[in-house]
Amino acid sequence: MLFAFLFEIIPVVSVLLSSLRTDVNWLTLENYRQTMTPLIYRSFVNTIRLSATTAVIGVILGTLISHALVNTRNRYTHNSVMALADVATNFGGAPLAFAFIVTLGSTGVITLFLKNLFNISLYPDFRIYSVTGLTLAYLYFQIPLMILLIQPSILGLKRDWKEAASTLGASNLQYWKRIALPILAPSLIGGFLLLFAHSFGAYATAWTLTGPDINLVTIQIAALIRGEVQLEPGIADAMAIISLLIMMLCVAGYQWASTRAAKWRA
């Protein structure tokens, strides 16, 4: 409780009070009104779009891979991929961005490999320092996170349910449509919300990979605090509070979905 009070509650309260203060007024919403300017508004739109895109792709691919792992008979493959997922989920920030630059940059290993051996030029059609490149970097930790999140729910799908559906004449598609997917729905929704929040709050990877070229919320907050264009810590704090509310809603939705999903795993 002392740790939470010192490093979570006090900082949040401090940021909240700062967001309600300007140089001339106290307890004002002026900083929040400034977040509606085109530049800051666009940063929220870009961040929400990027987070939603990586979350959707992460949910789909993570679920498919996790289902394949659950049903594989090769325990070495299962354990190896799960170990890789554990590592990749926690591998982010500047090291991840640097890894992608080394492999898929303009002079990256894979870029030169494709060009020298197959005469395939990724550039200029593809750039790792773009939204597409940032999406690939985010998926590096989004997909493994979804594999870890969804696997308990997939393990909870009892073989008896599929056998009973087959006995009653249901096809494999009907089983997934009417039984498996409705049961997995809370876990899929919860996974999407957690992946969305995970991507929404990312900063170091985006800044190292693209710098200020892509207008994202975390990059705008950092720019306003550092004073690269203008020093506006109050507006930055207002953006931080709005971001915090968005992520709190995501976490609350994830908790609700986890509670619903746990009923099927009981």
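Scope of the values below: all heavy atoms of this structure, side chains included, with no hydrogens, waters or symmetry mates.
In terms of hydrophobic clustering, with Ile, Leu, Val, Met, Phe, Trp and Tyr side chains grouped at heavy-atom distances under 4.5 Å, V251 and F7 are assigned to different clusters. In the hydrophobic clustering of this structure, I143 does not group with L195; members are Ile, Leu, Val, Met, Phe, Trp, Tyr whose side-chain heavy atoms approach within less than 4.5 Å, directly or through other members. One hydrophobic cluster, built from ILVMFWY side chains closer than 4.5 Å, cannot hold both L112 and I101; they sit in different ones. Cluster membership for L114 and L117, using ILVMFWY side-chain heavy atoms within less than 4.5 angstrom, is shared. The hydrophobic cluster containing I154 also contains I60, counting ILVMFWY residues as joined when their side-chain heavy atoms lie under 4.5 angstrom apart, directly or transitively.
Across all their heavy atoms, A88 and P144 have their closest contact at CB-CG, 3.6 Å. When every heavy atom of Y123 is checked against every heavy atom of S106, the shortest pair comes out as OH-N, 3.4 Å. Nearest heavy-atom pair across P95 and G92 is CD-O, 3.4 Å. The shortest non-hydrogen separation linking M146 to S187 is CE-O, 4.3 Å. Here the closest non-hydrogen pair linking V15 and A240 is CG1-CB, 4.2 Å. Here the closest non-hydrogen pair linking N31 and L20 is ND2-N, 4.4 Å.
Inter-residue side-chain proximity for P152 and L155 is flagged as unmet; no heavy-atom pair is nearer than 4.5 Å. No side-chain heavy atom of H78 sits less than 4.5 Å from a side-chain heavy atom of N74. The shortest side-chain heavy-atom distance between T37 and Q34 falls under the 4.5 Å cut-off.
With T167 contributing its side chain and E163 its backbone, the two residues share a donor-acceptor pair below 3.5 Å. Distance alone, capped at 3.5 Å, places no donor-acceptor pair between the S51 side chain and the I48 backbone. With hydrogens and angles disregarded, a donor-acceptor distance shorter than 3.5 Å links the side chain of S243 to the backbone of M239. At distances below 3.5 Å, not a single donor-acceptor pair connects side-chain atoms of T47 with backbone N or O atoms of F200. Counting only distance, with no hydrogens or angles, the side chain of S80 and the backbone of T77 share no donor-acceptor pair below 3.5 Å. Under the 3.5 Å distance criterion, the side-chain polar atoms of Y129 are left unmatched by any main-chain donor or acceptor of G105. Using a distance-only test at 3.5 Å, with no hydrogens or angles considered, a donor-acceptor pair links the side chain of T205 to the main chain of G93. Proximity of a side-chain donor or acceptor of T210 to a complementary backbone N or O of W207 within less than 3.5 Å is not detected. T72 places no side-chain N or O within 3.5 Å of a backbone atom of A68 that could act as its donor or acceptor partner. Listed for the T35 side chain is a donor-acceptor partner under 3.5 Å among the backbone atoms of Y32.
Within the model, atoms CH2 of W176 and CG of L184 stand 6.0 Å from one another, a figure rounded to the nearest 0.5 Å. Between the CG atom of L216 and the CG atom of N46 there is a distance of 6.5 Å, given to the nearest 0.5 Å. To the nearest 0.5 Å, the span separating NE2 on H198 from OH on Y254 amounts to 12.5 Å. A distance of 8.5 Å separates CG of N215 from CZ of R42, quoted to the nearest 0.5 Å. Interatomic distance, OG of S19 versus CG of L16, reported as 4.5 Å (0.5 Å rounding). Interatomic distance, F192 CZ to T54 OG1, rounded to the nearest 0.5 Å: 8.5 Å.
Applying side chain to side chain contact (heavy atoms under 4.5 Å, CB included) to T63 and the options L181, L188, I147 leaves one that passes, L188.
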Open item on the list: S166 vs Y175, test: side chain to side chain donor-acceptor pair (under 3.5 Å). Steps then yes/no.
Closed with: CA-CA 8 Å; S166 300; Y175 163 75; over 6 Å; no

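The neighbour count for F113 CZ, taken as heavy atoms of other residues, nucleotides or ligands under 6.0 Å away, does not exceed 12.
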